[in-house]
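Report on the following structure.
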Amino acid sequence: MKGGSSPAGSRAARSHTAAAATPAATVEALFRQAGVIAVDSLGELFDVVAVLAHTPLPVGPRLAIVGNAGGPGILAADAAANAGLEVPELSPAAQRQLRAQLPPGAAVANPVDTVAAATAEQFGAAVAAVAADTAVDTVLAVLTPVPLTSLDQLTAATMREAGRTGKPVVMSVLGQPAAVTVAVQPGVAVPSFATPEEAARALARVAAYAQRRRRPVGHVPTLPEVHPAAVRQLAADFLLAHPDGGWLAAAQATALVAAYGIPAVATHHVTSADEAVTAAEALGFPVALKAAGTALVHKTDVGGVRLGLADAGAVRRAYTDIEATLGERADGALIQPMVAPGIETVIGVVHDPVFGPLVMFGLGGVFIDLLDDRVFNLLPLTDLDAAEMVR
């Protein structure tokens, strides 16, 4: 769990550690890649630890809910779905077995409602039946106080079956004073939560962790087409001329990405309307014309882009218009051929002072900040990390 997400918390964290707050995206990437389960509250931290300490890891996200009252079971199903778990319908065989074992009126699809008239033996048999179903990875027993069967009897029956199955089993005992506790009998310990929502959130965290554990690590690939020495020299030359840093001109940027094996379209930097027309004719119509100024990071926002220019007249008018609008900021124009439509993506790398290089991949184009569809990972990436980022 990481504190300091609010301005006040961040201020307190800085005073405590004498270090600047690490950006949330960096911490999220670190946690995900390192297999750290990130939680949102101190209570949730204890909930997740209780499940990890006393149940086996589930083999999947499919949850079966067994309760002796309908309402809490419905709330448990909602909480599970909202947390990212699946609540599948039980197999026909399991449903037949439950109908034969439970009192009339019981619901057997999932959630299973044994109804309040069910005995402790019947409730335990229901837990055993759903745990044996191949469509189920984890069982949540929701125990509601009722006049006919004591909570102690229901708890004992649930724990007896938890000790027999190899699948994770947890309980939610409505009315228990502690938010989370562990019920213990010889040879078996079962986490018990005060509400089904807390149980569902903890189970979802553990299921995601188990899925991550099952994921192959992959390998860091060798990339012979990458030439880092050329990039280092390009950066050194640029910083020698611009000690305070800055944006690369188009030719330098093209050389940089080419050193990483990334192709770029032909780009001509022109400083007059006549040169723009000559370059466009050499490339072939239609072309794109963009203001060349390196300070214009988001050229579309300032009217510095014209697309689909189909002839010399259109190129000349576009150049004149951008020059009149932006003046010296335009620094001439870039002429490029139009390319076929596709999915625009963005890749970025930033050096975090604590964790080192952080790479971003996501949806690009003019909506990049609006849609915020991107993911961050710490370097180095394996081949599977990179493929997962793209997906």
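Counting from 1, the numbers follow the sequence of the chain as shown.
- Remark: side-chain polar atoms of Tyr209 are not paired, donor with acceptor, to backbone N or O of Gly35 under 3.5 angstrom.
- Judged by distance alone, the side chain of Gln122 and the main-chain N or O of Gln101 form a donor-acceptor pair under 3.5 Å.
- Among residues at least two apart or in separate chains, there is no salt bridge (Lys or Arg N to Asp or Glu O under 4.0 Å) pair with a member in residues 165-193.
- Around the CD1 atom of Ile343, the shell of radius 6.0 Å holds no more than 12 heavy atoms that belong to other residues, nucleotides or ligands.
- Residue Leu379 belongs to a hydrophobic cluster whose other members are Ile347, Val349, Val359, Phe361, Val375, Leu381, Met389, Val390, with links defined by side-chain heavy atoms closer than 4.5 Å.
- More than 12 heavy atoms of other residues, nucleotides or ligands lie within 6.0 Å of CZ in Phe238, so this atom counts as buried by the packing criterion.
- Without hydrogens or angle criteria, Gln153 side chain to Ser150 main chain gives a donor-acceptor distance under 3.5 Å.
- The closest donor-acceptor contact from the side chain of Asp47 to the backbone of Leu203 lies at 3.5 Å or more, if one exists at all.
- Salt bridge annotation for Arg306-Asp321: present, with a cationic side-chain nitrogen under 4.0 angstrom from a carboxylate oxygen.
- The main-chain N or O of Thr144 is found under 3.5 Å from a side-chain atom of Asn68 such that the two form a donor-acceptor pair.
- Side-chain atoms of Asp331 never come within 3.5 Å of backbone atoms of Ala292 as a donor-acceptor pair (strictly under, hydrogens ignored).
- Side-chain polar atoms of Ser192 and Gln176 form a donor-acceptor pair below 3.5 angstrom.
- Applying the side-chain hydrogen bond (donor to acceptor under 3.5 Å, both in side chains) definition to pairs two or more places apart or across chains, those involving residues 234-263 are Gln233-Asp237.
- Inter-residue side-chain proximity for Arg329 and Leu296 is flagged as met; some heavy-atom pair is nearer than 4.5 Å.
- Not a single donor-acceptor pair under 3.5 Å links the side chain of Thr138 to the backbone N or O of Leu63.
- Here the CG atom belonging to Leu289 is positioned 6.0 Å from the CG atom belonging to Leu309, to the nearest 0.5 angstrom.
- The environment of CZ in Arg213 is sparse: at most 12 heavy-atom neighbours from other residues, nucleotides or ligands sit within 6.0 Å.
- When only modelled atom types and interatomic distance are considered, Glu275 and Thr278 share no side-chain donor-acceptor pair under 3.5 Å.
- We find that Asp311 and Arg316 are not joined by a salt bridge, their nearest charged nitrogen and carboxylate oxygen being 4.0 Å or further apart.
- Arg232 CZ: 12 or fewer foreign heavy atoms inside a 6.0 Å radius.
- Distance check: Arg32 CZ to Leu378 CG gives 8.5 Å after rounding to the nearest 0.5 Å.
- Side-chain atoms of Glu388 never come within 3.5 Å of backbone atoms of Leu384 as a donor-acceptor pair (strictly under, hydrogens ignored).
- The two residues Val270 and Ala279 come nearest to each other via the heavy atoms CG1-CB, 4.0 Å.
- Side-chain contact of Glu89 with Gln95: a donor-acceptor pair under 3.5 Å is present, judged by distance alone.
- Side-chain atoms of Arg201 do not come within 3.5 Å of backbone N or O of Val48 as any donor-acceptor pair.
- Contact check on Arg62 versus Asp133 returns no salt bridge, with no Lys/Arg side-chain nitrogen under 4.0 Å from an Asp/Glu carboxylate oxygen.
- The neighbour count for Glu225 CD, taken as heavy atoms of other residues, nucleotides or ligands under 6.0 Å away, is above 12.
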